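Heads up: the structure comes next, in structure tokens.
In what follows, residues are counted from 1 in the order of the sequence shown. Here the structure is a predicted model, which means the values were calculated and not measured. Counting starts at 1 for both ligands and their atoms, in listed order.
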Amino acid sequence: MKEIHYSDKEILVFKDVDGIADYAVRKWTEIAGKTVNKKGSFSVALSGGKTPATLFHKLAKENKLPWNRTHVFMVDERFVPYHDENNNYRMINEILMRHVDIPAKNIHPILTTVETPQASALKYERELNSFFSTRSGFDLMLLGIGDDGHTASLFPGTPSLKEKKHLAIAALPSGTIMSYRITMTFPIINNAENIMFMAAGNDKAPVIREVIEKEKSRLPAAMVRPGKCSPIFLLDKAAASLLSKKP
Ligand code: 6PG
């Protein structure tokens with residue numbers, strides 16, 4: 001692993017996604033241990049997509065983690081049935097959740113069985129507000145970055161980027177993606193205690209350069225500016241290949 005220093009971000013470059021996942025397991029373990037000791041529970045929000053799958057497979061074997069004190073939420077969800085191959089929670093449940101000893105009440109999927117995406121977003125926001133009525137913000141949030149610079153389901157140039165009040169909204173992505181998404185918004189993302197981005201592959205290199213190096217980038221991933229931490233970027237060599245600073 002090699003580190004690249006930027007003022008407000010921690011950039012760690014790994015040989016491949018396996019190296020990213022090994023580091024993320026260690027960081028998750030460190031944060032979960034400290035947080036449970038301090039607060040008695042650990043809250044984490046997980047993104048979907050392909051990149052985190054390796055991490056989820058590794059976490060499924062980490063039976064010494066405090067799963068009974070861990071609360072797992074979803075950063076976003078596609079408004080498709082659970083059994084749809086595009087459902088994020090289905091992927092995370094099959095790879096991770098069903099293999100660890102976490103109480104069912106501690107798993108907080110975004111429901112897609114309700115009649116509309118808007119109803120689902122409202123329901124999820126109520127669940128977030130109730131959970132955070134006695135807590136200050138997510139202890140850890142895992143975010144991905146699309147090759148268009150989106151993160152969560154906050155897509156470039158969409159009204160979702162301007163949401164300042166609601167913690168979860170129904171969003172219709174831009175471009176070719178037509179199915180509704182339910183997504184957390186910047187108010188809750190930027191309130192997290194720890195944020196780890198994970199990105200791998202050459203196709204991410206141009207947006208990684210912009211998000212990390214362009215001062216006033218309007219890409220959604222660049223708008224993640226948490227008040228309580230500097231986001232950590234876990235990148236493979238390909239995704240980091242266009243950065244002007246070399247590890
Ligand atoms: C989703 C994710 C999304 C993802 C990025 C990167 O629902 O698709 O939440 O924000 O993190 O699209 O996805 P990959 O890891 O597959 O490149």
Answer yes if the side chains of Asp76 and Thr183 hold a donor-acceptor pair under 3.5 Å, and no otherwise.
->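 Note: Asp76 and Thr183 side chains miss the donor-acceptor criterion.
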Between Phe131 and His108, is the ring centre distance below 6.0 Å?
->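 Yes, they do, as the ring centres are separated by less than 6.0 Å.
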Looking at ligand 1, does Arg181 have a heavy atom less than 4.0 Å from it?
->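 Yes, Arg181 has a heavy atom closer than 4.0 Å to ligand 1.
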Could you tell me the residue and atom name of the protein heavy atom closest to [atom], and the distance to it rounded to 0.1 Å?
atom                    : result
atom 15 (O) of ligand 1 : Thr51 OG1, 2.6 Å
atom 12 (O) of ligand 1 : His150 NE2, 2.7 Å
atom 16 (O) of ligand 1 : Lys50 N, 2.7 Å
atom 10 (O) of ligand 1 : Ala152 O, 2.6 Å
atom 13 (O) of ligand 1 : Gly49 CA, 4.0 Å
atom 11 (O) of ligand 1 : Gly144 CA, 3.3 Å

For the residue pair Tyr89 and Tyr82, does the interplanar ring angle fall in the parallel (under 30°), tilted (30 to 60°) or perpendicular (over 60°) class?
->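 Tyr89 vs Tyr82 ring planes: tilted.
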Please state which part of [X] comes within less than 4.0 Å of ligand 1, counting heavy atoms only: side chain, backbone, both or neither.
X      : result
Lys204 : side chain
Ala199 : neither
Arg78  : side chain
Ile145 : backbone
Asp76  : side chain

Any atoms of ligand 1 less than 4.0 Å from a non-hydrogen atom of Asn88? List them with their elements.
->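 Contacts of ligand 1 toward Asn88, numbered from 1: 1 (C), 7 (O).
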Have a look at Ala221, Gly146, Gly48, Pro220 and point out the one with the heavy atom closest to atom 4 (C) of ligand 1.
->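 The residue whose heavy atom sits nearest atom 4 (C) of ligand 1 is Gly48.
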Stepwise, does the salt bridge (Lys or Arg N to Asp or Glu O under 4.0 Å) test hold for Asp84 with Arg78?
-> CA-CA 9 Å; Asp84 186 301; Arg78 294 84 178 272; over 6 Å; no
Show your working on side chain to side chain donor-acceptor pair (under 3.5 Å) between Glu62 and Thr29 and close with a plain yes or no.
-> CA-CA 9 Å; Glu62 295 292 323; Thr29 304; 4.7 Å; no
Using the salt bridge (charged side-chain N to carboxylate O under 4.0 Å, His left out) rule, collect all pairs that involve residues 134-147, keeping only residues at least two apart or in two chains.
->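 Applying salt bridge (charged side-chain N to carboxylate O under 4.0 Å, His left out) to every pair that reaches into residues 134-147, excluding sequence neighbours, yields Lys39-Asp139.
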Between Lys237 and Asp16, does a salt bridge (Lys or Arg N to Asp or Glu O under 4.0 Å) hold up when you go through it step by step?
-> CA-CA 7 Å; Lys237 287 195 297 194; Asp16 52 24; over 6 Å; no
Counting heavy atoms not belonging to Lys162, are there more than 12 under 6.0 Å from its NZ?
->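 Atom NZ in Lys162 is not packed in, count stays at 12 or less.
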Is the cationic atom of Lys245 (NZ for Lys, CZ for Arg) positioned less than 6.0 Å from the six-membered ring centroid of Tyr6 and within 45 degrees of its normal?
->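 Geometry flag: set, cation within 6.0 Å and 45°.
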